[in-house]
Amino acid sequence: MTREHRGEARGWSAARRGVRSRLRFTSLRLRLVVVFGLVALTAAVSASGIAYWLNRESVLTRAQDAVLRDFEQEMQNRAGALPEHPTQDELQRTAGRMADSGQGFSVLLVADDADGRTVYGSSGGLSGFSLRDVPVSLREAVTERQRITSNNRYPHHLYWQRIVDGDTPYLVAGTRVIGGGPTGYMLKSLEPEAKDLNSLAWSLGIATGLALIGSALLAHAAATTVLKPVQRLGAAARRLGEGKLDTRLRVSGTDELADLSRTFNKAAEALEKRVADMAARDEASRRFVADMSHELRTPLTAITAVTEVLEEELEFEGGGIDPMIEPAVRLVVSETRRLNDLVENLMEVTRFDAGTARLVLDDVDVVDQITACIDARAWLDAVDLDAERGIHARIDPRRLDVILANLIGNALKHGGSPVRVAVREEAADGDGGTGKGGTVVIEVRDHGPGIPEEVLPHVFDRFYKASASRPRSEGSGLGLSIALENAHIHGGEITAANSPEGGAVFTLRLPRDVSAQSPAEETGDAGDKGAEGDA
């Protein structure tokens with residue numbers, strides 16, 4: 001894949017991540033759009049509902065009042081002109097004339113003839129509007145005689161009711177002629193008004209949908225305007241978290257977001273200054289330790305030479321050292337060695353802190369390297385080696401020697417003999433048995449009381465000693481820390497634990513091919529010798 005193609009792929013990936021971040025429900029942008037949409041939907045639905053209800057009542061009331069008014073007038077004029085006991089033909093003709101009034105309603109007239117029989121007259125003939133089409137409750141209200149009072153001058157009134165038959169709304173009304181006469185009923189279809197109301201409902205629904213879409217677009221625009229500074233602030237915070245302390249925001253305006261940006265810039269400036277001061281103090285501290293260590297090496301060289309002479313005098317029988325001062329001389333010799341090791345360790349730590357420690361890689365037999373480390377320190381009788389030769393790795397042999405010397409020396413000093421060193425290989429995934437990958441695992445186990453649980457998290461800390469009762473132990477408290485740093489520079493790791501069978505176990509894991517881990521590497525001398533056996 002070319003660089004251009006990789007750039008396009010990263011661009012598409014960033015765009016997809018941006019879209020997903022904008023669409024996920026926890027996104028503030030989406031929540032703003034949803035809230036705006038819900039508010040607009042609620043307002044539009046409420047307004048549309050109120051408008052529909054008001055228009056519906058207005059349309060129905062206007063049509064209803066016109067029909068009832070015409071029906072009542074026709075009952076007074078035409079039905080009131082009929083004799084007290086009309087015939088069926090008279091009722092039929094009168095009902096037909098009443099239905100031709102222009103409102104388009106059907107009429108049913110009911111009366112008693114001269115023989116006392118109930119006769120009917122319908123504008124639609126025998127198969128037209130009949131008494132069965134009138135609700136029972138309406139018939140009872142029409143025929144019921146009301147008491148005459150000061151507020152009620154007539155015994156009968158006009159009553160109406162809306163019904164639905166086959167999805168078609170109708171208006172049904174009934175009344176009796178004042179002063180005696182036939183009872184009349186009217187049936188009027190409200191289908192035209194219903195169609196008008198349906199059209200109105202569709203119009204209001206479309207208006208509600210458009211309002212919802214418009215509110216969503218406005219919400220998106222508003223969210224973009226509001227969230228753009230927030231997104232810039234989030235990106236700046238991420239860059240600041242990545243260590244780019246010179247990150248600043250461009251501030252414009254006087255609103256709350258502008259104040260937030262100014263506060264961020266002030267915080268970033270203060271953080272940059274604080275980190276710069278701390279880095280300067282740290283650098284000065286490292287330089288001081290390095291300079292002090294170098295300055296101490298010159299007098300230490302001379303003192304070491306003198307102590308070597310004194311040590312030879314101590315070992316020579318019949319020497320000239322007064323027995324009274326012999327303990328003091330031995331103390332000077334041991335403390336000089338301890339001081340020399342401490343200076344060497346401080347210089348090594350300084351190199352790690354300054355990032356100048358380098359690897360000198362070579363192909364070595366790990367078991368031969370361990371054997372040489374044990375033999376050089378005369379530990380053959382106290383250490384059991386459980387490994388077979390032939391385990392090769394590309395590592396820095398000097399730094400591996402430092403690691404092993406510290407781990408084995410620490411086990412001998414603070415654990416219990418015998419110390420057992422085991423070596424094994426772990427194949428890497430997909431290695432296919434080539435031997436080029438994988439890990440070399442070295443376990444150093446003692447037979448002592450183990451490491452207290454409260455001490456385990458601190459065994460690799462600098463200058464940490466497990467027991468405060470032995471502050472003048474031979475170790476400086478730097479050995480295990482230096483071992484861990486040497487493992488890290490190889491791309492490896494050291495862990496400490498207690499064995500279920502008793503004793504402490506230190507496990508070193510190193511990649512078989514350190515050059516594949518891209519460590520710092522050089523071909524010259526990698527530095528001075530590390531400490532041995534520090535706890």
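All values reported here derive from a predicted model rather than from experimental measurement. Sequential numbering from 1 along the given sequence is applied to the chain's residues.
- When all heavy atoms of S189 and Y170 are compared, the pair lying nearest together is CA-CD2, 3.6 Å.
- Side-chain contact between F506 and I408: absent, with no pair of heavy atoms (C-beta onward) separated by less than 4.5 Å.
- Heavy atoms only, all atoms of each residue included: I451 and A496 are closest at CD1-CB, 4.5 Å.
- The minimum heavy-atom distance linking S499 with V505 is given by the pair CB-CG2, 3.5 Å.
- With N486 contributing its side chain and I482 its backbone, the two residues share a donor-acceptor pair below 3.5 Å.
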For this session: Would you sort out whether L260 and L233 count as a side chain to side chain contact (heavy atoms under 4.5 Å, CB included), showing the intermediate values?
Result: CA-CA 9 Å; L260 181 60; L233 181 62; 3.3 Å; yes
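- Proximity of a side-chain donor or acceptor of D401 to a complementary backbone N or O of P397 within less than 3.5 Å is not detected.
- Once rounded to the nearest 0.5 Å, the distance linking CD of Q369 with CD1 of I403 reads 10.5 Å.
- One distance of note links CG of L508 with OG1 of T495; it measures 9.0 Å at 0.5 Å rounding.
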Exercise. Which is it for V441 and V423 under the side chain to side chain contact (heavy atoms under 4.5 Å, CB included) test, yes or no, and what are the steps along the way?
Worked result: CA-CA 6 Å; V441 181; V423 184; over 6 Å; no
For this session: Decide yes or no on salt bridge (Lys or Arg N to Asp or Glu O under 4.0 Å) for D386 and R420, but give the supporting numbers first.
Result: CA-CA 7 Å; D386 181 12; R420 183 175 178 273; 2.2 Å; yes
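- With rounding to the nearest 0.5 Å, the separation of CG in L359 from CG in L400 is 11.5 Å.
- Side-chain atoms of H490 never come within 3.5 Å of backbone atoms of L510 as a donor-acceptor pair (strictly under, hydrogens ignored).
- T42 is listed as a side-chain neighbour of S46, based on a closest heavy-atom distance under 4.5 Å.
- In this structure a side-chain-to-backbone donor-acceptor pair under 3.5 Å is present from D365 to V367.
- Side-chain contact between L171 and W160 is present, with at least one heavy-atom pair separated by less than 4.5 Å.
- The main-chain N or O of L249 is found under 3.5 Å from a side-chain atom of N265 such that the two form a donor-acceptor pair.
- Considering all non-hydrogen atoms of both residues, R248 and A268 come closest at NH1-CB, 3.6 Å.
- With a 4.5 Å cut-off on side-chain heavy atoms, V459 and V455 count as touching.
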For this session: Could you go through the salt bridge (Lys or Arg N to Asp or Glu O under 4.0 Å) check for D259 and R262 one step at a time?
Result: CA-CA 5 Å; D259 292 339; R262 293 188 186 92; 3.0 Å; yes
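- Pairing each heavy atom of L484 with each of F460, the nearest pair is CD2-CB, 3.7 Å.
- Proximity of E501 to H447: side-chain heavy atoms (C-beta onward) are nowhere separated by under 4.5 Å.
- Remark: the backbone N or O of V419 is not paired with any side-chain donor or acceptor of D446 at under 3.5 angstrom.
- The closest side-chain heavy-atom distance from I370 to I442 is below 4.5 Å.
- For P511 against I395, the heavy-atom pair with the smallest separation is O-CG2, 4.0 Å.
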For this session: Evaluate the side chain to side chain contact (heavy atoms under 4.5 Å, CB included) criterion for residues L480 and L407: first the C-alpha distance (whole Å), next the side-chain angles of each, then the deciding distance (0.1 Å), finally the verdict.
Result: CA-CA 7 Å; L480 290 179; L407 295 182; 3.9 Å; yes
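- Residue R509 is tested with E425, E443, E426 for a salt bridge (charged side-chain N to carboxylate O under 4.0 Å, His left out); the sole match is E426.
- In this structure, the side chains of P418 and V383 stay at 4.5 Å or more apart for every pair of heavy atoms.
- For the atom pair CG of L271 and CZ of F264, the computed distance is 9.0 Å after rounding to the nearest 0.5 Å.
- From R250, atom CZ reaches atom OG of S261 across 10.0 Å, with rounding to the nearest 0.5 Å.
- The environment of E454 atom CD is dense: over 12 non-hydrogen atoms of other residues, nucleotides or ligands sit within 6.0 angstrom.
- With hydrogens and angles ignored, the 3.5 Å screen pairs a side-chain donor or acceptor of D396 with a backbone N or O of V360.
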Problem set entry | Stepwise side chain to side chain contact (heavy atoms under 4.5 Å, CB included) test for L217 and I213 | CA-CA 6 Å; L217 294 177; I213 295 173; 4.3 Å; yes
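- By the 6.0 Å contact criterion, CZ on R424 is enclosed, its count of non-hydrogen atoms from other residues, nucleotides or ligands being greater than 12.
- Here the side chain of N498 pairs no donor or acceptor atom with the backbone of G450 at under 3.5 angstrom.
- Of the inter-residue distances, the one linking T439 atom OG1 with D513 atom CG reads 11.5 Å to the nearest 0.5 angstrom.
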